[in-house]
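In what follows, chains carry the letters A, B, and so on, assigned in the order in which the sequence lines appear, proteins first and then strands, with residues in each chain numbered from 1. Values reported hereafter were calculated over all heavy atoms of this structure, with side chains retained and with hydrogens, waters and symmetry mates removed. All of these numbers come straight from a predicted model, not from anything done at the bench.
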Amino acid sequence: MKLFEGIEKGFCNVILGILCVIILIPVFLLITGSFMDSYELSDYLLPVFMGAGGMNGWRLMPDYPTFQNYKKLLFETPQFFVLFWNSMKIVCCILAGQLLVGVPGAWAFAVYRVRGAKSLFLLYEVLMLLPFQVMMMSNYLTLKRLSLLDSHAAVILPAVFSAFPVFLSYGGFRRIPIQLVEAARIDGAGEWAIFTKIGLPLGKSGLVSALVLGFLEYWNMIEQPMAFLSDKTLWPLSMFFPKITINQAGASFCASVIMLIPAVFVFLAGQDALEAGIIYSGLKE
Amino acid sequence: MKPFWRLWKKSHCTWRSRERRSFLLFLAPSFLGVLIFVIFPFMDVVKRSFTTAVTSEFVGAANYRTVFANEAFRLAVKNTAAFTIVCIPLLVVSGFIAAVLLSHISSSGAVKSFSLLPMAMPTAAVAIVWEMIFYKPSFSVLVISYIWKNIGYTIVLWFAGILAVSKETIEAAQMDGAGGIRIFRYIILPDLKGSLFTIVILSVLNSFKIYREAYLVAGSYPPKDMYLLQHLFNNWFVNLELDKMAAATVCTGVVLFVMIFILQKLWDNEI
């Protein structure tokens, strides 16, 4: 019996280990590729450039590891920095706005039992699930009327009013025992004080997960800037050269790695919150 | 209980009225934004779907007829449906298998971290790798990159669901002599319906984001089998064919709404 269990465990470990390796392949290719010089890259990637086939071979370690690509990208491509800071600005503004707008909204849904609240929440749920393409024209009409097209506000404002952070923060707030809120009320605390002194500290897990998931989502935003920003100097980093060509393969790898860094950092710092958030997003009463 | 919008009814300063007022105040910023950016313009979109783009003349269902007769629209619907039908069961099942395996080992945390990592990977950063590995853009690139990106939360959700299955019930069943398969079929699976619902909803939602990969790998006019509804929306948007776009938006919105509604009903009835 013991032996059988051991074999079963070993089998599970092996399969999951293989899964992890497969998942990591793209990351590994990116990082090693960013340290290869152009000769080595064109050696492996020639068929890709010619459009004739997949890559022929790869090395665990580059033959001649070099920082040349990073140097070129960081010191000779000022445009890259513009996009990087555009991205930072857009993401930070969106997250700040979501906190200011969405979190009190989630609190309203979580604490107050008012008629009509349920159907409103259902509306938020549906809005959360509608893809950007369905919202695109609505957003466009409003942005045009407010003449915000082709400015950062055009990608920031619609995202601020997204239903997703409301939903996730709601998940966190629902875990606060309602008796606690009632006790505070009996002691004479105002509604705002209850929100800031009880709601925010005790329900912050939902809020943090909204921030983490939000960062990953908006750091990666492509559809919105593509539709609403035609001025390339306003673009976020996620719009930076999608094409891999013989001249800029190295730079592409580096840009990709640099783009990964903030996202991976947030991912590592907020992993528990991320997991909690995934579970909250499925929370049902 | 009075509805929350009946604020103007003068009442004594009761708890009910205070509750309504607080609810409104807390929700107001968010709801105003939703009204301005989503609800009102969406009504406008519905109106526009029945009028011409330039002169705003009422044309009845003509836009809808144009859209349904449109070759590109048919192709896009076919491909998007094919993508959904292939990917969602594939993702749900593979995530489930991984989660079951995961519940048998001790180092589940590490595996979860690794499988969630793709969620953090910006698509623009990974697109270059997909180009390298699959030099030719095709439908299967979409499927593979979709599974790669979304497997993480599927595993996490299944895993949380499996852990939440009552241990006592399983032990009691074992006591009564139920075998592994019967326990799985009659105790574990019924308990996981909630997880299944969430996973399906989230994966449908995320399946629309595959446009990022499709666009980055193949551009606005990809090979025929990769042409999705999202491409069509984008191309109509770029050409400012707003009448067609309005009609297509309404159709897609209605289909999604019905789908969400059915799933929700299914979920409510099962529990």
Side-chain angles (χ1 to χ4, degrees), chain A residues 8-9 12-13 15-16 19-20 23 26 29-30 45 48 53-55 101-102 104-105 107-108 112 114-117 126-127 129-131 133-134 136-139 141-142 158 160-161 166 191 216 219-220 222 227 238 240 242 244 252 256 259-260 263-264 267 271 274-275 278-279 281-282 284, chain B residues 1 3-4 19-20 22-23 26-27 29-30 33-34 36-38 41-42 44-45 98 101-102 104-105 111 113-116 118-129 131-133 135 153 156-157 160 194 198 201-202 205 208 211-212 216 230 233 237 245-246 249 252-253 256-257 260:
Chain A
E8 193 185 280
K9 258 198 174 148
C12 294
N13 271 317
I15 301 273
L16 291 171
L19 182 77
C20 289
I23 285 173
L29 288 174
L30 273 184
L45 296 179
V48 181
M55 47 197 271
V101 171
W107 179 251
Y112 301 110
V114 181
R115 202 164 75 184
V126 171
L127 290 184
L129 296 172
L130 289 180
Q133 283 78 18
V134 172
M136 173 153 64
M137 195 168 157
S138 308
N139 286 347
L141 294 175
T142 305
V160 164
F161 299 110
V166 177
E191 295 301 312
L216 299 181
W219 188 251
N220 189 17
I222 289 178
S238 41
F240 194 62
I244 168 172
S252 297
S256 299
M259 185 155 52
L260 282 187
V264 169
F267 172 76
Q271 212 207 323
L274 180 74
E275 259 180 60
I278 292 170
I279 290 166
S281 62
K284 287 299 225 149
Chain B
M1 255 193 327
F4 65 83
E19 186 171 31
R20 273 202 304 277
S22 313
F23 175 78
F26 275 112
L27 189 64
S30 166
V34 169
I36 294 172
F37 279 92
V38 186
F42 197 80
D44 196 15
V45 171
L101 294 177
L102 196 61
H104 284 92
I105 66 168
V111 177
S113 309
F114 280 126
S115 65
L116 282 174
M119 232 178 133
M121 297 284 152
T123 308
V126 188
I128 185 176
V129 175
E131 276 183 82
M132 261 163 68
I133 304 180
Y135 63 101
Y153 68 81
V156 168
L157 280 168
T198 310
I201 289 269
L202 281 182
L205 167 73
F208 275 89
Y211 177 62
R212 296 172 182 170
L216 289 178
Q230 295 92 306
F233 272 107
F237 179 74
M245 203 177 155
T249 300
T252 317
L256 281 172
F257 191 80
I260 295 167

Heavy-atom contact with chain A under 4.5 Å, split by part of [X]:
X	value
B:Leu256	side chain
B:Phe42	both
B:Phe237	side chain
B:Ala160	side chain

Shorter than 4.5 Å, heavy atoms on both sides: which option in [options] has the most such pairs with chain B?
options	value
A:Met259, A:Lys9, A:Gln133	A:Gln133
A:Pro104, A:Ser238, A:Ala108, A:Ser138	A:Ser138
A:Ala263, A:Pro131, A:Gly105	A:Pro131
A:Leu130, A:Asn13, A:Val264	A:Asn13

Using heavy-atom distances under 4.5 Å, tell me whether [X] contacts chain B through its side chain, its backbone, both, or neither.
X	result
A:Leu129	both
A:Ile222	both
A:Val166	side chain

Nearest heavy atoms of [X] and [Y], plus distance in Å:
X	Y	value
A:Ile23	B:Pro118	CG2-CG, 3.5 Å
B:Phe37	A:Asn139	O-OD1, 3.4 Å
B:Ser30	A:Val101	CA-CG1, 3.3 Å
B:Val34	A:Phe161	CG2-O, 3.8 Å

Which residues satisfy the side chain to side chain contact (heavy atoms under 4.5 Å, CB included) test with A:Phe267, sequence neighbours excluded? A:Gln271, A:Leu274, B:Leu116, B:Leu117, B:Ala120

Do [X] and [Y] make a side-chain contact, defined as non-hydrogen atoms from C-beta onward lying under 4.5 Å apart?
X	Y	answer
A:Cys20	B:Val111	yes
B:Phe257	A:Val126	yes
A:Leu260	B:Pro122	yes

Under the side chain to side chain contact (heavy atoms under 4.5 Å, CB included) criterion, do A:Leu19 and B:Leu101 qualify, and how do the steps go? CA-CA 11 Å; A:Leu19 182 77; B:Leu101 294 177; over 6 Å; no

With rounding to the nearest 0.5 Å, note down the distance linking [atom1] in [X] to [atom2] in [Y].
X	Y	atom1	atom2	answer
A:Ile278	B:Thr198	CD1	OG1	12.0 Å
B:Ile105	A:Leu16	CD1	CG	4.5 Å
B:Met132	A:Leu30	CE	CG	8.0 Å
B:Thr123	A:Asn220	OG1	CG	3.5 Å
B:Glu131	A:Ser252	CD	OG	8.5 Å

Quick one: which of B:Val126, B:Val38, B:Thr252 has the most heavy-atom pairs under 4.5 Å with chain A, could you say? B:Val38

Residue list, side-chain hydrogen bond (donor to acceptor under 3.5 Å, both in side chains) with A:Glu191, at least two apart or on another chain: A:Tyr112, A:Arg185, B:Arg18

Using 30° and 60° as the class boundaries, would you call the ring planes of B:Phe26 and A:Trp107 parallel, tilted or perpendicular? perpendicular

Donor-acceptor under 3.5 Å (A:Thr142 side chain, B:Ile36 main chain): yes

